[in-house]
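A, B, ... follow the sequence lines: proteins, then strands. Residue 1 opens every chain. As the structure is a prediction and not an experimental result, all values here were calculated from the model.
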2 protein chains.
Amino acid sequence: MARTQGSHSGITGPRVRDAALKLFAQHGYAAVSMRQIAREVGVQAGALYNYTPDKQSLLFDLMQTHMTELLAACADMPDGGPPIEALENFTSLHLRFHSERPEEVFIAYMELRNLTPENFTKIEALRRSYEDGLETILRSGVSSGDFEVSDPKIATMAVIAMLTGVNTWFREGGRLSLEEVEQIYWDMVRKAVGA
Amino acid sequence: MARTQGSHSGITGPRVRDAALKLFAQHGYAAVSMRQIAREVGVQAGALYNYTPDKQSLLFDLMQTHMTELLAACADMPDGGPPIEALENFTSLHLRFHSERPEEVFIAYMELRNLTPENFTKIEALRRSYEDGLETILRSGVSSGDFEVSDPKIATMAVIAMLTGVNTWFREGGRLSLEEVEQIYWDMVRKAVGA
DNA sequence: GTTTTAAACGAACGTGTGTTCAGATAATTG
DNA sequence: CAATTATCTGAACACACGTTCGTTTAAAAC
């Protein structure tokens, strides 16, 4: 018998999250209605409000979780080694982490303008923190003489843009494996910073 | 006396375009209503339909015009020179052209998923044509031995992503002039392709 | 087996959506 | 000056929006 009401023992919450993630990534935050999300979950629209105070929080939570996990992964990286190793680690981590979460990445880059000003400020801070990690690596490489970079801030933006661009075309099972892509990009990044 | 009705001798058309461009870039296609566009123009919503058959065409026309102008600018480039000059010209053109049209660029990258399938196909074709231009340069440089690129297709995507990323932070009157940015990026592009 | 409680329904609220169109207005034409 | 035409208004259409809430359901607790 199909149980259409009553307790679902806490499985609906994650399903709401997943549905929002999928639909926001596919159609964009503004184009997705709460009723669409509810339909995807298999529930009426009103039931969503047991799991989120509003639509905006749904978006913000997705982005905040993503950025926090990204920073956590960064923090887990071995540090203290030579700058060139740090840069290789960063490149590898970025490509792996982002290729595993195409939907989160898409949302994190496309839906910034749909955040309320307060939420935008918080996400922006997390993003800047990520960029600072790379900039620190580049500056240390310049100091040590390993890198040849005229403007570390610009180089940071350039490298991140280049790496993030992979998500626009890379698909698992395509012409190249992730390992091959990593190799090719590391080669270009290394050359670009003069190492 | 404020003239609120009657002919405006064909000045409203461009104003509708401009308003749509500005608002789509600022808030996103799905989040902007025809009434908002009308208010920006200083007209009632119904009057917009003297200038566009529907909202979708407004978006498509903006993107198509942008891509067509980009390709026209590419076609005007001097060709026949050595690959390294062609690549420098491409880099310079991309940065200049895109920095002059931040709103069009933003829309062209963010609103692809809000195009109808037929319109998407057309814009996609224009974009691929642009990418092919760069790929051709890279391949000729590989053939001539000027470039060291293991996968020209990937390198094409990487370079375009890197260059387009400039639009996320570059602002006229900021720390760096466009000429300085051009210099820095050309340096990185050149190194990245091993030239 | 009864009571409690978490979870979902389903209707409703007020507002906004893209688009159409008959009627009003003012510039243009003859 | 009169007739025409391009342009815009303002109301209307049917539907969708995010969100709230009284009610119903079924699992959990005792």
Side-chain angles (χ1 to χ4, degrees), chain A residues 1-24 26-62 107 111 113-119, chain B residues 1-24 26-62 107 111 113-119:
Chain A
M1 59 165 182
R3 180 174 52 176
T4 58
Q5 281 189 356
S7 171
H8 278 57
S9 342
I11 64 165
T12 307
R15 279 170 51 82
V16 170
R17 245 189 100 85
D18 293 350
L21 175 69
K22 171 183 165 182
L23 291 172
F24 287 168
Q26 199 162 106
H27 307 292
Y29 174 77
V32 172
S33 72
M34 293 300 269
R35 284 171 179 83
Q36 269 176 75
I37 298 174
R39 195 179 316 130
E40 180 82 17
V41 175
V43 103
Q44 292 292 325
L48 298 180
Y49 290 84
N50 291 321
Y51 304 98
T52 182
D54 46 39
K55 191 187 174 190
Q56 168 73 203
S57 302
L58 225 36
L59 175 62
F60 176 67
D61 286 349
L62 287 172
I107 290 173
E111 304 297 352
R113 61 181 163 188
N114 286 311
L115 291 170
T116 62
E118 313 87 64
N119 286 343
Chain B
M1 61 167 181
R3 181 174 52 178
T4 58
Q5 280 189 353
S7 169
H8 278 55
S9 343
I11 65 166
T12 307
R15 278 169 55 82
V16 169
R17 246 189 101 84
D18 293 350
L21 176 69
K22 172 183 163 182
L23 291 172
F24 288 167
Q26 200 162 105
H27 307 293
Y29 174 78
V32 172
S33 71
M34 293 300 268
R35 284 170 180 82
Q36 267 176 77
I37 298 174
R39 195 180 314 130
E40 179 84 15
V41 175
V43 102
Q44 292 292 325
L48 298 180
Y49 291 83
N50 290 321
Y51 304 97
T52 181
D54 46 39
K55 191 186 176 191
Q56 168 73 202
S57 302
L58 225 37
L59 175 62
F60 176 67
D61 286 351
L62 287 171
I107 291 173
E111 303 297 351
R113 62 183 161 188
N114 287 310
L115 291 170
T116 61
E118 313 89 62
N119 286 344

Between [atom2] of [N] and [atom1] of [X], the distance in whole Å:
X         : N       : atom1 : atom2 : result
Ile11(B)  : dC8(D)  : CD1   : C1'   : 13 Å
Gln36(A)  : dG18(D) : CD    : C1'   : 13 Å
Arg39(B)  : dT9(D)  : CZ    : C1'   : 16 Å
Arg15(A)  : dA8(C)  : CZ    : C1'   : 13 Å
Asn114(A) : dG18(D) : CG    : C1'   : 15 Å
Tyr29(A)  : dG18(D) : OH    : C1'   : 9 Å
Leu48(A)  : dA8(C)  : CG    : P     : 10 Å
Leu58(A)  : dT19(D) : CG    : C1'   : 14 Å

Original post:
Looking across every strand, which nucleic acid part, if any, lies under 4.0 Å from Val32(A) by heavy atom: base, sugar-phosphate, or nothing?
Top reply: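 Sugar-phosphate: the residue Val32(A), judged by heavy atoms under 4.0 Å, touches backbone atoms but no base.
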[X] side chain, from C-beta outward: closest of [options]:
X        : options                  : result
Asn50(B) : dT17(C), dT7(D), dT19(C) : dT7(D)
Asp54(A) : dT19(C), dA8(C), dT19(D) : dT19(D)
Val43(A) : dT20(D), dT19(C), dA8(C) : dA8(C)
Met34(B) : dT19(C), dC17(D), dT9(D) : dT19(C)

Taking OP1 and OP2 of [N], is either one under 4.0 Å from a side-chain nitrogen or oxygen of [X]?
X        : N       : value
Tyr51(A) : dA8(C)  : yes
Thr12(A) : dA8(C)  : yes
Ser33(B) : dG16(C) : no

**OP:** For the pair Lys55(A) and Glu111(A), find out whether any cationic side-chain nitrogen is under 4.0 Å from an anionic carboxylate oxygen.
**Re:** no
Original post:
Is any NZ, NE, NH1 or NH2 atom of the basic residue among Arg17(A) and Glu40(A) found under 4.0 Å from an Asp or Glu carboxylate oxygen of the other?
Top reply: no
Original post:
With a 3.5 Å cut-off and just heavy-atom distances, do the side chain of Arg35(B) and the base of dG16(C) make a donor-acceptor pair?
Top reply: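 Per atom types, no contact qualifies.
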In Å, rounded to the nearest 0.5 Å, how long is the span from [atom1] of [X] to [atom2] of [Y]?
X         : Y        : atom1 : atom2 : value
Ile107(B) : Phe24(B) : CD1   : CZ    : 7.0 Å
Ile37(A)  : Asp18(A) : CD1   : CG    : 11.5 Å
Leu48(B)  : Asp54(B) : CG    : CG    : 11.5 Å

Original post:
When you match Ala31(B) and Gln44(A) each to their closest nucleotide on DNA chain C, which lands nearer the 5' end?
Top reply: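 Upstream on the strand: Gln44(A).
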